[in-house]
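Reminder, nothing fancy here: chain letters follow the sequence lines and each chain counts from 1.
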There are 2 protein chains.
Amino acid sequence: MEISELKITIVGLGLIGGSFSMALRELKPKKLWAVDINQDVLKMAETQGIIDRGFLKPNIPLKNSDVVIISLYPEQTVNFIKNNLNNFKRGAVITDTTGIKDKILTEINNFIRDDLEFIGGHPMAGKEAMGFEFASAEIFKGANYILTPTDKNKEENIKLIEKIVMGIGCKNLIKISPKKHDEIIAYTSQMPHILALALVNSNHIDGLGLFVGDSFRAITRVANINARLWAELLIKNKDNILGQIKSFEDSLINIKKSVMEMDSDGLRRIFEKGSDMRDILWRL
Amino acid sequence: MEISELKITIVGLGLIGGSFSMALRELKPKKLWAVDINQDVLKMAETQGIIDRGFLKPNIPLKNSDVVIISLYPEQTVNFIKNNLNNFKRGAVITDTTGIKDKILTEINNFIRDDLEFIGGHPMAGKEAMGFEFASAEIFKGANYILTPTDKNKEENIKLIEKIVMGIGCKNLIKISPKKHDEIIAYTSQMPHILALALVNSNHIDGLGLFVGDSFRAITRVANINARLWAELLIKNKDNILGQIKSFEDSLINIKKSVMEMDSDGLRRIFEKGSDMRDILWRL
């Protein structure tokens with residue numbers, strides 16, 4: 001099916017859902033609806049011509065939508081599908097945008113209707129800001145987008161979501177298992193945030209003033225997060241997070257031990273290995 | 001004294017020493033000499049008109065210099081002064097550019113001649129590169145520069161180094177005690193590097209590929225370091241580093257414990273505190 005033949009509903013007009021609707025608008029779907037609990041945001045999106053119509057109650061748009069894109073927090077995503085299970089159109093394709101996949105796919109696949117299909121998605125895009133007022137179609141341009149299809153998904157439906165993802169301007173589409181997604185994301189995305197937060201929270205020095213320089217800013221930039229969302233993401237990815245923290249602690253202990261023993265050669269080897277490893281990771 | 005009346009020697013034409021000579025050249029000192037162990041680098045600097053003359057042996061330039069700027073590794077800095085103690089001109093002002101201050105000031109002040117004066121300096125400037133070929137007068141433009149004078153330093157000599165520092169384009173000159181410098185630097189500069197290295201060294205996942213995104217790059221940029229220099233900096237700042245690592249580990253354990261106990265509220269509080277703290281630190 002072509003995007004111009006699709007009726008699409010976005011659930012949740014926050015930063016990602018709002019950006020999605022702006023980017024989708026340009027692809028001229030047959031209908032583009034949105035569901036949100038905030039009437040003002042829906043009105044704003046309607047007035048700006050970003051959506052055809054906004055709804056506080058989801059039953060009407062869901063009954064008529066071929067594709068539903070849910071942009072809520074992880075737990076809300078699961079609950080939304082559960083609470084509206086009888087509202088979806090027969091054969092509808094549902095996708096999400098949360099940063100955690102294994103747990104929510106397992107939950108959703110436990111109760112989802114046989115004729116519906118849920119395909120997990122995770123746009124590697126965002127901003128250090130929340131809400132529709134910061135939404136922009138631009139955030140997807142050149143971004144990577146991860147899909148975590150399972151054997152419950154039909155090839156034609158995966159292709160349909162792929163078409164949408166590439167249509168809104170993403171550069172790379174990566175297909176990977178939900179488990180692998182969560183393992184990798186724990187390391188490449190969640191650990192940088194955890195380290196940044198642990199570092200700012202460990203400060204006990206007065207008068208830092210002009211000493212807050214480039215390297216400190218680089219590492220702590222991501223400490224500015226949506227606390228509620230990140231608490232949920234980390235707890236839902238608990239085992240991977242605890243595993244990564246353990247590996248990190250071991251790695252930090254190696255440095256600490258060399259400093260404690262004033263082992264200059266050992267420290268140099270750790271640093272040389274680290275610089276090489278960084279170059280390898282950056283080339284990926 | 002005006003800079004135009006000064007004979008100045010730079011010891012070590014690496015990234016910082018080379019940049020210093022390029023920036024000083026524009027201030028037209030009476031003489032600008034350099035000492036290095038690499039004849040090719042000295043020739044290059046002479047040919048490019050960056051210095052008046054280069055020397056493999058330091059005795060002649062030192063005997064005639066009012067100001068000596070040493071840009072060597074910390075241990076080398078101490079040894080250079082010790083080995084050339086009788087070569088310095090009577091009343092000369094000596095400064096350095098290393099990132100560690102308390103230990104080397106204590107060592108130098110133990111043996112320095114009474115008529116000489118050593119004023120510790122630390123330009124908060126640099127590049128992820130080493131050597132004269134990457135030197136540029138531009139690295140000081142807008143940078144912060146730290147001086148760690150002690151009660152052994154005369155006000156007029158501190159003023160002289162200040163004049164040079166502001167003359168080469170630095171924006172802020174910060175005067176602070178050597179002990180406080182090392183305590184703060186451990187947190188704002190050395191910890192970001194340590195965390196970046198510990199993170200890249202903790203990787204045990206194959207196929208990271210396109211998952212290496214913005215937050216990972218931001219935090220690991222500084223993992224590309226001069227291993228020899230950093231091993232020395234960390235060992236010379238041992239007590240502060242071990243203290244900071246301990247604080248960081250405690251802070252990380254708080255996050256780990258909340259994830260382990262699936263304490264969503266606790267995690268939110270930690271993250272909210274962290275986001276607030278980051279905003280405070282960034283405003284400094």
Side-chain angles (χ1 to χ4, degrees), chain A residues 124 144 172 174 183-184 187-189 191-195 197-205 208-213 215-216 218-225 227-228 230-231 234-235 238 241-242 245 247-248 251-252 255-256 259-260 262 264 267-268 271-275 277-278 281 284, chain B residues 124 144 172 174 183-184 187-189 191-195 197-205 208-213 215-216 218-225 227-228 230-231 234-235 238 241-242 245 247-248 251-252 255-256 259-260 262 264 267-268 271-275 277-278 281 284:
Chain A
M124 305 286 278
N144 296 334
N172 297 295
I174 308 150
E183 183 194 358
I184 292 181
Y187 178 66
T188 60
S189 166
M191 281 303 289
H193 288 80
I194 289 172
L195 300 184
L197 285 155
L199 183 64
V200 292
N201 277 339
S202 77
N203 176 40
H204 53 75
I205 305 174
L208 289 178
L210 293 163
F211 289 86
V212 174
S215 62
F216 189 81
I219 208 161
T220 59
R221 183 178 58 82
V222 296
N224 182 3
I225 58 169
R228 177 180 163 194
W230 277 83
L234 262 50
I235 288 174
K238 184 182 152 191
I241 292 297
L242 294 178
I245 290 179
S247 301
F248 177 85
S251 184
L252 183 59
I255 295 176
K256 184 166 72 166
V259 172
M260 209 180 292
M262 302 177 78
S264 178
L267 216 42
R268 269 172 80 166
F271 292 170
E272 279 160 6
K273 185 184 150 212
S275 290
M277 182 64 89
R278 191 212 78 142
L281 291 173
L284 290 179
Chain B
M124 304 286 278
N144 296 334
N172 298 295
I174 308 149
E183 183 195 358
I184 292 181
Y187 179 65
T188 60
S189 166
M191 280 304 288
H193 288 80
I194 288 171
L195 301 184
L197 286 155
L199 183 64
V200 292
N201 277 339
S202 78
N203 175 40
H204 53 74
I205 304 175
L208 289 179
L210 292 163
F211 289 87
V212 174
S215 62
F216 190 81
I219 209 162
T220 59
R221 184 179 59 81
V222 296
N224 183 2
I225 58 170
R228 177 180 163 194
W230 276 83
L234 261 50
I235 287 174
K238 184 181 152 191
I241 292 297
L242 294 179
I245 290 179
S247 301
F248 177 85
S251 184
L252 183 58
I255 296 176
K256 185 166 70 166
V259 172
M260 210 179 294
M262 302 178 76
S264 179
L267 216 41
R268 270 172 79 165
F271 292 171
E272 279 160 6
K273 186 185 150 210
S275 290
M277 182 64 89
R278 191 212 79 141
L281 292 172
L284 291 178

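- Contacts between B:Leu234 and chain A at a heavy-atom distance below 4.5 Å involve backbone atoms as well as side-chain atoms.
- Inter-residue side-chain proximity for A:Thr188 and B:Leu208 is flagged as met; some heavy-atom pair is nearer than 4.5 Å.
- In this structure, OG1 on B:Thr220 lies 6.5 Å from CZ on A:Arg278, to the nearest 0.5 angstrom.
- The contact between A:Met124 and chain B is made entirely by side chain atoms (from C-beta outward), counting heavy-atom distances below 4.5 Å.
- Listed options A:Met260, A:His193, A:Glu272 were ranked by heavy-atom pairs under 4.5 angstrom with chain B; first place goes to A:Met260.
- Both the backbone and the side chain of A:Asn201 have a heavy atom closer than 4.5 Å to some heavy atom of chain B.
- A pairwise comparison of heavy atoms in B:Ala227 and A:Arg268 identifies O-CG, 3.6 Å as the closest pair.
- Here the OG atom belonging to B:Ser247 is positioned 8.5 Å from the CD1 atom belonging to A:Ile205, to the nearest 0.5 angstrom.
- Across every non-hydrogen atom of A:Ser275 and B:Leu197, the tightest pair is N-CD2, 4.1 Å.
- Closest approach of A:Ser251 to B:Ala198, counting heavy atoms only: OG-O, 2.7 Å.
- With a threshold of 4.5 angstrom between heavy atoms, A:Ile174 approaches chain B through side-chain atoms but not through N, CA, C or O.
- The CZ atom of A:Arg221 sits 7.5 Å away from the OG atom of B:Ser215 when rounded to the nearest 0.5 Å.
- For chain B, the nearby part of A:Asn172 is the side chain; its heavy atoms alone come within less than 4.5 Å.
- For B:Asn144, the part lying near chain A is the side chain, with the backbone staying farther off; criterion is any non-hydrogen pair under 4.5 Å.
- A side chain to side chain contact (heavy atoms under 4.5 Å, CB included) with A:Ile194 is found for one member of B:Leu252, B:Leu199, B:Val259 and no other, namely B:Leu252.
- Between B:Leu267 and A:Trp230, every side-chain heavy-atom pair lies at or beyond the 4.5 Å cut-off.
- Residues A:Phe248 and B:Leu195 have side chains in contact (heavy-atom distance under 4.5 Å, counting atoms from C-beta outward).
- Most heavy-atom pairs under 4.5 Å with chain B, from the set A:Ile255, A:Val200, A:Leu281: that is A:Val200.
- In terms of heavy atoms, B:Ser264 sits closest to A:Ala231 at O-CB, 3.8 Å.
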